[in-house]
Amino acid sequence: MTALHPARSLRKRGSDIDPDVLRTDAIIDALAGRRPLGDHDDPVVSLLRALARDVDQRLSSVSITPST
């Protein structure tokens, strides 16, 4: 069985890595860190950005007060 390598470990392997893998890893890192992504026309990136905002909004409105 071959070990799977996350994109972060691929970044350390050198210039033979597919640039699309590095680009995707950078986008995922930016989304996870809620950092600006710059100008991306990709509809998938726009959808992921909107979903991240929605999750943040829902998490901020959750009450931790126990109900009675």
Side-chain angles (χ1 to χ4, degrees):
M1 181 187 325
T2 319
L4 297 176
H5 299 284
R8 285 182 181 87
S9 70
L10 293 175
R11 202 182 292 157
K12 298 174 185 174
R13 292 185 181 191
S15 61
D16 60 336
I17 301 304
D18 184 349
D20 287 337
V21 171
L22 295 176
R23 178 181 169 272
T24 301
D25 186 44
I27 290 170
I28 291 171
D29 284 347
L31 286 168
R34 305 306 196 260
R35 293 186 306 274
L37 293 169
D39 186 27
H40 285 280
D41 295 334
D42 188 337
V44 173
V45 173
S46 297
L47 175 62
L48 290 171
R49 188 183 307 154
L51 287 170
R53 281 193 304 261
D54 187 54
V55 167
D56 289 344
Q57 185 179 24
R58 289 176 189 268
L59 288 176
S60 69
S61 65
V62 172
S63 173
I64 60 171
T65 306
S67 58
T68 56

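Residues take their numbers from the sequence shown, with the count starting at 1. Keep in mind that the numbers below use all heavy atoms, side chains included, and drop hydrogens, waters and symmetry copies.
Expressed to the nearest 0.5 Å, how far CG of Leu51 lies from CG of Asp56 amounts to 11.0 Å. One distance of note links CZ of Arg49 with CD1 of Ile27; it measures 9.5 Å at 0.5 Å rounding. The CD1 atom of Ile28 sits 8.0 Å away from atom CG of Leu48, with the distance rounded to the nearest 0.5 Å.
The backbone N or O of Asp29 sits less than 3.5 Å from a side-chain atom of Arg35, completing a donor-acceptor pair.
Residues Ala30 and Pro36 share a closest heavy-atom pair of CB-O, 4.2 Å.
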